[in-house]
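Because the structure is predicted, anything quoted here is derived from the model rather than measured.
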Amino acid sequence: MDLALLRTFVTVHRAGSFTRAAALLGLSQPAVTSQIRTLERQLGHTLFLRRARGVTPTTIGDELAQRAAPHLDALVEITEPGLCEDSGARTLHLAGPPEFTAVRALPALTRLIPQGLALRASFGNAEETLEGLAAGHHDLVIATARPRGGLLTSTPLCDEEHVLVAGVRWAARLGPGAVRHGGPDVLEPIPVVEVHESLPLVTRYWAAVFDARPAATGTVIAPDLRAVLAAVAAGAGLAVLPRYLCETALEQGEVVALLDPPVPPLRTYFLAARTGTLGLAHIARAQEWLLRAAVDWS
């Protein structure tokens with residue numbers, strides 16, 4: 001049996017779509033359809049049921065995927081080191097949130113550059129970057145949501161602690177312990193600085209710490225947490241920020257933590273790849289390096 005047919009079959013099984021599998025394989029959609037039909041004729045069984053949106057594997061298709069996929073992935077893992085040596089530097093296409101990718105991930109991965117790794121980074125939210133990963137635009141994605149389905153695989157990378165902060169002037173107006181004793185009501189006069197009109201970080205913090213929804217709307221909206229931090233430090237109002245991002249500003253007194261809850265809100269980052277691609281040496285090496293670096297990201 002032609003291994004290329006099995007490779008196409010496993011890719012379709014993981015992608016759930018002939019069109020998406022074609023993009024991942026660098027083939028046309030008719031070519032993928034033709035290969036699957038050829039494989040079905042050879043086996044004498046239908047492997048996929050065609051739906052209005054994508055395909056669903058039959059029970060025979062599921063069984064074949066379970067038996068074939070590990071061996072195909074192992075073959076890629078065996079052959080890839082030689083390919084890397086012959087082709088020189090390999091490029092890793094990484095995507096994730098702009099702040100975390102810039103402050104955490106890229107500095108960690110630059111240590112692999114002397115080993116022949118080239119880097120290309122792009123930014124976006126979890127939905128955008130995971131869709132791009134599924135479509136083959138990225139090799140690794142750092143996301144705040146765990147991907148579903150068999151096409152993508154993920155590993156928890158690290159937890160991010162969120163801190164309620166304000167500029168020095170606003171903190172002085174409130175006074176020490178004001179939020180601890182007065183709750184969220186004492187914060188209503190303070191302008192809110194956020195990354196989006198929906199106030200995603202503030203809303204999550206209010207729900208976790210105060211068991212309430214914020215009453216205020218955003219006064220300053222900037223789609224980058226580094227800009228949010230700069231605005232808060234300049235006196236624009238309050239914000240909820242990752243501790244790693246505002247730690248230096250807290251230590252230098254540029255911003256002030258308004259509350260130290262017993263259980264601070266956390267957000268988990270996941271490191272995602274397309275299933276099977278961790279057999280590629282440069283992707284596996286980058287994943288291992290990020291997981292190793294994340295041990296110290298607290």
Side-chain angles (χ1 to χ4, degrees), residues 14-15 20 23-24 90-113 115 117-163 194-196 198 200-201 203-205 208 222-229 239-248 264-298:
R14 287 169 170 168
R20 182 175 290 177
L24 293 171
R90 297 300 302 266
T91 299
L92 178 81
H93 295 267
L94 175 72
E99 310 86 359
F100 189 91
T101 305
V103 176
R104 292 293 205 196
L106 284 178
L109 289 175
T110 53
R111 300 180 183 181
L112 293 178
I113 291 174
Q115 301 179 27
L117 184 73
L119 291 168
R120 298 292 183 272
S122 57
F123 303 140
N125 61 37
E127 182 179 359
E128 294 167 344
T129 55
L130 289 174
E131 286 182 358
L133 178 64
H137 303 320
H138 317 304
D139 298 317
L140 285 177
V141 159
I142 298 168
T144 54
R146 185 191 292 272
R148 298 179 179 179
L151 179 60
L152 304 180
T153 183
S154 66
T155 304
L157 181 62
C158 65
D159 289 329
E160 169 187 272
E161 178 187 345
H162 286 177
V163 187
E194 255 281 15
V195 294
H196 191 270
S198 63
L201 299 180
T203 299
R204 187 180 296 114
Y205 189 97
D224 190 304
L225 289 173
R226 292 164 294 188
V228 170
L229 173 59
V240 173
L241 292 169
R243 182 171 290 278
Y244 80 86
L245 193 64
C246 63
E247 187 74 57
T248 299
L266 300 176
R267 179 169 65 173
T268 301
Y269 284 98
F270 298 92
L271 186 58
R274 288 188 305 283
T275 303
T277 59
L278 291 176
L280 303 178
H282 68 298
I283 299 178
R285 190 164 63 248
Q287 186 212 38
E288 178 186 359
W289 205 265
L290 286 171
L291 290 173
R292 187 185 306 170
V295 173
D296 299 322
W297 294 345
S298 58

Does the pair F100 and W297 meet the rule for a side chain to side chain contact (heavy atoms under 4.5 Å, CB included), with working shown? CA-CA 11 Å; F100 189 91; W297 294 345; 3.8 Å; yes

Any residue meeting side chain to side chain donor-acceptor pair (under 3.5 Å) with E247, in chain and number order, not counting sequence neighbours: none

First locate atom [atom1] of [X], then atom [atom2] of [Y], and finally report the distance between them rounded to the nearest 0.5 Å.
{"X": "F270", "Y": "T155", "atom1": "CZ", "atom2": "OG1", "result": "10.0 Å"}
{"X": "Y205", "Y": "R267", "atom1": "OH", "atom2": "CZ", "result": "14.5 Å"}
{"X": "T101", "Y": "I142", "atom1": "OG1", "atom2": "CD1", "result": "5.0 Å"}
{"X": "L117", "Y": "R111", "atom1": "CG", "atom2": "CZ", "result": "14.0 Å"}
{"X": "L112", "Y": "L92", "atom1": "CG", "atom2": "CG", "result": "9.0 Å"}
{"X": "H93", "Y": "L119", "atom1": "NE2", "atom2": "CG", "result": "10.0 Å"}

Pairwise side-chain contact, E194 with P200, heavy-atom cut-off 4.5 Å (strictly under):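 A side-chain contact exists here, since the closest heavy-atom pair is under 4.5 Å.
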
Test item: P156 and Y269 side chains (from C-beta on) under 4.5 Å apart, heavy atoms: no

Between [X] and [Y], what is the shortest heavy-atom contact and its length?
{"X": "V141", "Y": "L133", "value": "CG2-CB, 3.8 Å"}
{"X": "L157", "Y": "L290", "value": "CD1-O, 3.7 Å"}
{"X": "T129", "Y": "G96", "value": "CG2-N, 4.0 Å"}
{"X": "T153", "Y": "T275", "value": "N-OG1, 3.8 Å"}
{"X": "A102", "Y": "R226", "value": "CB-NH1, 3.2 Å"}
{"X": "A105", "Y": "L94", "value": "CB-CD2, 4.1 Å"}

Pair E160, H162: side-chain N/O donor-acceptor within cut-off below 3.5 Å: yes

Quick one, L152 with L130, criterion side chain to side chain contact (heavy atoms under 4.5 Å, CB included). Give me CA distance, side-chain angles, the key distance, then yes/no. CA-CA 8 Å; L152 304 180; L130 289 174; 4.2 Å; yes

Step-by-step side chain to side chain contact (heavy atoms under 4.5 Å, CB included) determination, V228 to V240: CA-CA 9 Å; V228 170; V240 173; over 6 Å; no

Does atom CZ (R148) have a neighbourhood of more than 12 heavy atoms from anything else shown, all under 6.0 Å? no

Spell out, as yes or no, whether a donor-acceptor pair under 3.5 Å connects the side chain of [X] to the backbone of [Y].
{"X": "Y244", "Y": "V103", "value": "no"}
{"X": "R274", "Y": "H138", "value": "yes"}
{"X": "E128", "Y": "N125", "value": "yes"}

Could you go through L241 and V163, starting from their C-alpha distance and side-chain angles, then the distance that decides it, and tell me whether this counts as side chain to side chain contact (heavy atoms under 4.5 Å, CB included)? CA-CA 5 Å; L241 292 169; V163 187; 5.7 Å; no

